[in-house]
Every structure is written in structure tokens, then in C-alpha cells.
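Below, all heavy atoms of this structure are taken into account, side chains as well, without hydrogens, waters or symmetry copies. Because the structure is predicted, anything quoted here is derived from the model rather than measured. In what follows, chains carry the letters A, B, and so on, assigned in the order in which the sequence lines appear, proteins first and then strands, with residues in each chain numbered from 1.
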Amino acid sequence: MYTQGLDSLGKDCLRDPARDEGALERAFQARVDAEEKIEPKDWMPEAYRRTLIRQISQHAHSEIVGMLPEGNWITRAPTLLRKAILIAKVQDEGGHGAYLYSAAETLGVSRAELIDQLLEGKAKYSSIFNYPTPTWADVGAIGWLVDGAAIMNQIPLCRCSYGPYARAMVRICKEESFHQRQGYEIMLRLSRGTTAQREMAQAALDRWWWPSLMMFGPSDADSKHSAQSMRWKIKRFSNDELRQKFVDFTVPQADFLGLKVPDPMLRWDEVTQHYRFGAIDWSEFEQVLQGHGPCNRERLEARRHAHEEGRWVREAAVAWAAKQAARAGREEAA
Amino acid sequence: MTDERRDWPLYEIFIRARSGLDHKHVGSLHATDARMAIEHARDLYTRRLEGVSIWAVRSSDIVASDPGDADALFEPARDKVYRHPTFYDIPDEVKTL
């Protein structure tokens with residue numbers, strides 16, 4: 001669902017000439033330039049491998065943590081149908097996390113290691129999930145805006161140079177459209193409802209608009225590692241390009257709802273044929289990314305709690321499998 | 001880096017989308033045994049009627065060719081264009097050939 005922080009990859013993105021042999025690296029780059037896919041057993045620069053492990057695992061963690069803000073509403077959805085839809089959506093997010101962990105594992109990292117990094121608070125995930133969902137309209141706004149921003153980010157990743165990541169993204173993007181449409185439909189119902197419902201929808205848009213724009217990551221001017229990611233064809237468009245596209249798509253959708261985008265600077269620019277929008281408060285983004293958002297602690301605690309509560313189930317499953325295998329072995333021997 | 005003692009065995013999952021089609025590789029998952037692999041594959045890969053049949057194979061049981069051998073394995077087929085029907089020029093007058 002929600003890849004982000006593509007530019008906070010740290011020094012992993014930088015090339016490491018000591019480890020990469022020139023000829024191999026040139027051949028690798030030629031394959032990437034020719035739009036060939038790189039597969040797990042192919043030679044690849046160590047920095048490419050590390051960049052992908054970092055990006056794919058952050059993406060997977062985001063899917064898993066992303067289940068929490070919406071999961072809060074499963075027991076409180078307004079109708080049985082909305083409840084069934086929300087369960088299906090949250091289940092999709094779990095599935096997306098699983099596809100992505102599998103893709104990361106093809107690069108030689110274990111799932112257990114990645115999950116440890118998340119639970120120990122060492123791994124990043126999308127900052128958007130550290131915001132609370134106080135009303136039902138937040139579920140609508142998340143589907144419409146957060147999943148909408150995610151789709152914008154993820155469609156180019158379907159053409160990523162690394163085969164397993166690209167294939168996981170194709171599967172994810174197919175499922176993502178349902179998420180966005182069900183969210184918009186919730187907003188549509190509320191915005192055509194009572195005054196209280198309209199206000200609830202507007203308040204949710206006010207809460208989620210700016211964090212959604214931040215999902216595209218830092219501005220191009222501040223994004224240190226974009227160029228290398230572009231050269232490797234992991235990334236296809238710059239953060240600002242994607243953000244602009246998202247604003248251009250989304251503002252008319254908000255107009256249709258009769259809701260107001262919370263940006264006094266927002267206006268249509270006839271010359272560029274784009275919406276101009278106000279400056280983003282990057283200090284908020286940094287704060288949330290560093291762990292000081294409204295729900296960072298709560299989210300990680302929920303994940304740790306789930307992991308601990310599930311421990312006996314995992315242990316029982318292993319014990320059962322061992323017992324069955326032993327029994328099968330005895331029968332074969334007899 | 002792999003931590004096989006803590007991760008459950010990895011299974012590759014193949015799905016037959018409709019009767020009459022081949023099973024196609026769709027991805028992988030971890031499971032304690034084959035039965036769990038099938039159950040998880042159902043939840044993970046067939047939430048939208050994507051399949052009518054599932055195969056699960058332990059990843060460690062798959063034998064794969066080495067990308068380094070690709071030239072030796074596949075290059076010899078490159079210059080054998082006469083294996084394709086379009087190699088042969090047949091006059092248009094000749095029908096059903």
C-alpha cells in the first residue's frame with residue numbers, strides 16, 4: 001500500500017567501489033538500461049541489493065503497520081457491509097506485506113530478521129500510519145487519499161528493475177484500486193449526508209491532506225539519493241512529479257465531494273495546467289519519521305503485543321508439524 | 001544472512017487460474033508443513049477467485065539453472081531459425097500449409 005521514504009535510504013544508496021567490480025557493474029547497468037529485469041540469482045552491485053532490501057522491507061512494514069489505524073474501526077463500522085469491506089481491505093494489506101517480505105527475502109535476508117527490525121523500532125515505515133483515526137470518516141479519507149497517494153507511488157514500481165519487487169507490485173496495484181474507490185465512496189456518502197456527516201468528512205480531509213502529500217517524500221531539491229535510484233530504475237519519477245500528479249488528480253475529486261482542501265494557497269495555474277499548492281511543513285514530517293508522531297509508540301506496541309500473543313500459536317504449529325512428520329516417518333518405516 | 005532456524009520453511013506457490021490452464025508460479029510463503037502452505041496460499045493468493053487449484057512445493061526442493069550458464073544452455077538455439085515454420089518460403093498459391 002504505502003511505500004515512502006524512498007529518499008531516506010541513507011548511505012546504502014551510495015556506491016561502494018571497493019566491493020563492485022567495474023566490468024560486472026557496467027554489464028549490470030547495461031542490462032538495467034535495456035529494461036531487462038534483474039532476478040535474484042543474477043549478479044548485482046551490493047549497494048543495489050542493500051537499497052532494495054531497505055526499500056522493500058520498509059514498504060512491507062508499512063503494509064503491516066497500515067493495518068492498525070483502519071483495524072481500529074472493524075468492530076465499529078456503521079453497517080455489516082462496511083465491516084465486511086473493511087475486513088477485506090485490512091486483509092489485503094496483510095497480504096501486501098507478505099508479498100513484499102517474500103520479495104525482500106529473495107535478496108538474502110530472512111523474514112525473522114526483518115520482523116525483528118520492525119519490532120525493535122530499528123526499521124522505518126510510512127509516517128502516515130502514525131496519525132490517529134478518530135472518526136469513521138478517517139477510514140474514508142485513508143482509502144481515498146492515502147491509498148490514492150500509494151497508487152501514484154506504486155504504479156511506476158511495477159516497472160522496477162528488480163523482478164520480484166516489480167511482480168509483487170503488479171499484484172498489489174491490482175488490489176489497491178478497490179481500496180481507493182471504497183474510501184472515496186465512504187466520503188461521498190458522508191458529504192451527501194447530514195450536516196454533521198459533512199463536517200465529519202471535511203474534518204477528515206483536513207487531517208489527512210497534508211500527511212498524504214508528505215507520503216511522496218522530501219522535495220526533489222532535498223532528496224539525496226534519487227539520482228542513483230533512478231539510474232538503477234528502482235525509481236521512475238521524482239517525488240515532486242508524483243506529488244504534483246496526485247494533487248492534480250485529487251483536487252477535482254474533493255470539489256465533487258463539495259469539500260475544501262485545507263490549503264489557502266491552492267489555485268489552478270492556467271499556464272502550467274497544474275494546481276499550485278502551499279509549502280509543506282517538513283518539520284512535521286521529520287518529527288513523525290523520527291518517532292514523535294501522534295501514534296508511533298502505540299503502533300509499535302500493538303505490533304509487539306500481537307507478536308507476543310501469537311507466540312504460542314506459532315510454537316504449537318511447529319510442534320504439530322514435527323509430530324506429524326515423525327508419525328509419517330514411523331509409518332513409512334513400518 | 002538467512003535465518004532458517006527461526007523462519008518456517010519456504011514454499012513456492014503455483015496456482016491454476018481456470019480448469020484447462022497450467023499451474024503458474026505466483027509467489028512464496030512460509031509454513032510449518034504442506035497443509036498450512038495450502039491453507040495460507042488460499043488466503044494469500046486466491047482472495048479474488050484467482051484459482052481453482054494450488055500446488056505448494058518446498059523452495060529447497062527446486063533445482064534451478066545457474067544464470068551464469070545461460071549462454072551455454074540457451075545460446076545454441078539462437079542460430080537454429082529453421083526450427084520455426086516462418087523460416088520456410090512457401091508460395092501464396094499453396095493453401096492450408
Participant: Nearest 0.5 angstrom please: A:Met169 CE to A:Gln154 CD, how far?
Facilitator: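 So the CE of A:Met169 and the CD of A:Gln154 are separated by 3.5 Å.
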Participant: Hey, are the side chains of A:Leu68 and A:Arg303 touching, using non-hydrogen atoms and a 4.5 Å cut-off?
Facilitator: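 Yes, side chains in contact.
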Participant: Would you call A:Ile234 and A:Tyr162 a side-chain contact if the rule is heavy atoms closer than 4.5 Å?
Facilitator: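 When only atoms from C-beta onward are counted, A:Tyr162 and A:Ile234 do not touch, as no gap falls below 4.5 Å.
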Participant: Quick one: what part of A:Arg314 sits under 4.5 Å from any heavy atom of chain B, side chain, backbone, both or neither?
Facilitator: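 Contact with chain B: backbone and side chain both.
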Participant: Can you tell me which residue among A:Arg82, A:Lys83, A:Lys89 is in a salt bridge (Lys or Arg N to Asp or Glu O under 4.0 Å) with A:Glu70?
Facilitator: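 Result for salt bridge (Lys or Arg N to Asp or Glu O under 4.0 Å) with A:Glu70: A:Lys89.
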Participant: Which of residues 85-97 of chain B have a heavy atom under 4.5 Å from any heavy atom of chain A?
Facilitator: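 Those residues of residues 85-97 of chain B which would need a heavy atom under 4.5 Å from chain A do not exist here.
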Participant: Heavy-atom distance under 4.5 Å to chain B: side chain of A:Gln324, backbone, both or neither?
Facilitator: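 Neither part.
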Participant: B:Phe14 versus B:Glu12: any side-chain heavy-atom pair under 4.5 Å?
Facilitator: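 Sidechains of B:Glu12 and B:Phe14: in contact.
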Participant: Does some side-chain heavy atom of A:Asn72 sit less than 4.5 Å from a side-chain heavy atom of A:Val139?
Facilitator: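 SC-SC contact between A:Val139 and A:Asn72 ruled out.
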Participant: Say whether, by atom type as modelled, one donor and one acceptor occur between the side chain of A:Gln29 and the main chain of A:Leu24 under 3.5 angstrom.
Facilitator: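 The answer is no, because no donor-acceptor pair under 3.5 Å joins these two groups.
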Participant: Does any backbone or side-chain atom of A:Gln91 lie under 4.5 Å from a heavy atom of chain B? Answer side chain, backbone, both or neither.
Facilitator: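 When you check distances to chain B, atoms from both the backbone and side chain of A:Gln91 fall under 4.5 Å.
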Participant: Could you please state which residues from residues 38-70 of chain B sit under 4.5 angstrom from chain A, measuring non-hydrogen atom to non-hydrogen atom, sorted by number, or 'none'?
Facilitator: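 Contacts with chain A: B:Asp43, B:Leu44, B:Tyr45, B:Arg47, B:Arg48, B:Glu50, B:Ala64, B:Ser65, B:Pro67.
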Participant: Return yes if some donor-acceptor pair links the side-chain N/O of A:Asp147 with the main-chain N/O of A:Trp144 below 3.5 Å, else return no.
Facilitator: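 Such a contact is absent between A:Asp147 side chain and A:Trp144 backbone.
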Participant: With side chains defined as the heavy atoms from C-beta onward, is the minimum distance between A:Leu114 and A:His61 less than 4.5 Å?
Facilitator: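 SC-SC contact between A:Leu114 and A:His61 confirmed.
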Participant: Determine whether a donor-acceptor pair (N or O, by modelled atom type, separation under 3.5 Å) exists between the side chain of A:Thr106 and the backbone of A:Ala103.
Facilitator: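 Yes; at least one donor-acceptor contact below 3.5 Å.
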Participant: Does the Lys NZ or Arg CZ of A:Arg111 fall within the cation-pi geometry relative to A:Tyr101 - under 6.0 Å from the ring centre and within 45° of the axis?
Facilitator: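 That pair does not qualify as a cation-pi contact.
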